[in-house]
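Beneath this line is the structure, given in structure tokens, with notes to follow.
Letters A, B, ... mirror the listed sequences (proteins, then strands); counts begin at 1. In this text the structure is predicted, and so the values were computed from the model without any measurement.
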Number of protein chains: 2
Amino acid sequence: MASHGARGRSGGRPTLEEVAARAGVGRGTVSRVINGSPRVSDATRAAVEAAVAELGYVPNTAARALAANRTDAIALVVPEPETRFFAEPYFSDMLRGVGAEISDTEMQLLLTFAGSDRERQRLAQYLAAHRVDGVLLVSVHADDPLPDLLAQLEIPAVISGPRSSAETLPSVDSDNYGGARQAVEHLLSRGRRRVAHITGRLDVYGAQRRVDGYRDALSDAGHGVDEALIEAGDFSEEGGHRAMRALLERHPDLDAVFAGSDVTAAGARQALREAGRRIPDDVALVGYDDSAIARHMDPPLTSVRQPIEEMGRRMIDLLLTEVADRRPLASRGLDRRQMVLATELVVRSSS
Amino acid sequence: MASHGARGRSGGRPTLEEVAARAGVGRGTVSRVINGSPRVSDATRAAVEAAVAELGYVPNTAARALAANRTDAIALVVPEPETRFFAEPYFSDMLRGVGAEISDTEMQLLLTFAGSDRERQRLAQYLAAHRVDGVLLVSVHADDPLPDLLAQLEIPAVISGPRSSAETLPSVDSDNYGGARQAVEHLLSRGRRRVAHITGRLDVYGAQRRVDGYRDALSDAGHGVDEALIEAGDFSEEGGHRAMRALLERHPDLDAVFAGSDVTAAGARQALREAGRRIPDDVALVGYDDSAIARHMDPPLTSVRQPIEEMGRRMIDLLLTEVADRRPLASRGLDRRQMVLATELVVRSSS
DNA sequence: ATCACTGATGGGAGCGCTCCCACACTACCT
DNA sequence: AGGTAGTGTGGGAGCGCTCCCATCAGTGAT
């Protein structure tokens, strides 16, 4: 009956007010029932619930967001181009965990890429508009300005891997250092002596930690670390291929490779093949992630499993707590919530 | 300073009203500028734009959604479990096209899975709450109730593949029939005579059309159609594996297989290997989709390329038109917008 | 001069909710 | 008896926008 709202009450779309009238109570009471407040008598609650059911009432989220200044949505931000996202199982596994966990809640998940400058622009706008209550940051590079932007906007955020040992944001990570040690120790125990390492992107802290683990595993076993056996990769297949070729050129006699990711290992495998090296006869190969690729590779790839799905779940948990507490900055330094999950070596025939 | 809104004007978050004051104009005028209405003089527009820039004004979407009764968001609905989504390149390619196209607009994309009953429940709620302006339906099965629900809620929708030849919703599809014909004709031209077909999920119309194309290509070439050479798959790798085994059992002498998807072909390849058949020497193999899998397979897979990314783009175009026109039902039957894009056979060494 | 128009503008009303204050009531103390 | 807490409840105010109507020039026609 409103002047411009007269698009006909057709579809129904009952309002809180209508539910209240139907149940014979006030607006506030219905709101309390909808939002699960305990301050409602059982009888009233029942009456309201009946009215809600009869009318098929569904809250209008826009109105709620406007009045309550929250959106019931969080964003998963991937600071990579879409192509990389789909190429790397790490991301999709993470998304799966996140999706599973969030579907138990009323929250809505937004998938956002911030690979190109244009996308980053849009994202900044988006965040500035406070269209999400919280943000999940996956695979952040050391110099990424996003965390600072979020802090400035006072938007709660959780990060998948800390940016450094002095990370201020809550984070969930796997034990990169320990995982790398496991991999290298395994190779050594198999009698391999010239173990190379193709790193991940070194501006990702976790990749650095894997290098540390690689180094320490060798030193602790009484082997020296030959820097020429370390070659930088970037988590990609091409990167793995390129790095492997470089390593073979410098060290034709290497007998094992620990790759920074399964995808990297796939690239390395290709290069090894091209060079006529057999796996694992001539060169043993170990990957990281234990993604689907590892199982499907020929030969099946030994890999360090990190519980990526669980990491996703935990991130959501942390973030929702953060959002509920509404103390994005206040909590820092007090109880820094940095979670580290254990890894596990899955041995297959490539090593 | 409102009573409860007094959470401190800290963050800034200027409102329309503040911009109006700054620019020395009325609220309505600022709104007009923001929304690109032509009914504003150049001088005023410039003044408002300056104020917007100075204040760093970003519209509050919740308020806009409430007042204008729209959300500026559309949902991409995948009626499959998450696992399948990530396993099948079809979906991610589609998403890539959709994402690319939509990033040119102000619209927001929501990724929604409706694989489990629980997810479908949530989705229904979500749609009932009118939290999106439009819906993109990908890979809908014949008996899916979702399209009807959308029609009932008067939410514009576009479907990726029609559910039948009598589809009422606007749709974008590739030429499944023609693509299948190309594949089979190619195999015949290579001298193959016992060409088998592993179908997709037959409750997907496109999969049926591929079977039709397979049949007609054989008949038109003067070959009979042996029904025992057709085995039902489900687009999955396991399905392809299973179907291939069944086919080999029935027809040990088959010399070619046209698989309903690249993933299916991957499963078939595995089964062929296990049976000691060489590709393409003993059995030629052709897939469908021309996804990344096809290029990486060993041997590289001949496949029917469908322009999936472009399909995604076109779907967005259609949907946005539909949303803009706000004539979800009215348009039907008048100018049914059914778009069909051409396919192309990409020949590699598997055939 | 008067009367239509037209284009640009200001601002009231209203979107559907949440928050909070006020108001009964009902216990339970002094 | 009067005070003091609690409970449950109703409803005003306000969130920041869009929509629309009224207003006010300006312009050309009568």
Legend entry - Between C1' of C:dC17 and CD1 of A:Ile34, the distance in whole Å: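 Value for this atom pair: 11 Å.
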Inset, instruction - May I ask you to decide if the ring planes of A:Phe86 and A:Phe113 are parallel, tilted or perpendicular, using 30° and 60° as cut-offs? - result: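 Plane angle between 30° and 60°, so tilted.
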Inset, instruction - Give a yes or no on whether a salt bridge exists between A:Arg314 and A:Asp317, defined as a side-chain N under 4.0 angstrom from a carboxylate O. - result: no
Tell me whether the OP1 or OP2 atom of [N] has a side-chain N or O from [X] closer than 4.0 Å.
X: B:Asn35; N: D:dT18; answer: yes
X: A:Ser41; N: D:dT7; answer: no
X: B:Ser31; N: D:dC17; answer: no
X: A:Thr29; N: D:dT9; answer: no

Between [options], which nucleotide has the shortest distance from any of its atoms to the side chain of [X]?
X: A:Ala67; options: D:dC19, D:dG16, C:dC17; value: C:dC17
X: A:Leu66; options: D:dG10, C:dG16, D:dC19; value: C:dG16
X: B:Leu16; options: D:dC17, C:dA8, D:dG16; value: D:dC17
X: A:Arg64; options: C:dG16, C:dC17, D:dT9; value: C:dC17
X: A:Arg32; options: C:dG11, D:dC19, C:dC20; value: C:dC20
X: B:Thr15; options: D:dT18, D:dG16, C:dA8; value: D:dG16

Legend entry - Sugar-phosphate only, base, or nothing, as touched by A:Arg27 at under 4.0 Å among non-hydrogen atoms: base
Legend entry - Side-chain touch B:Leu110/B:Arg131, heavy atoms, less than 4.5 angstrom: no
Legend entry - Nearest-0.5 Å distance that lies between atom CD in A:Gln338 and atom CD1 in A:Ile159: 9.0 Å
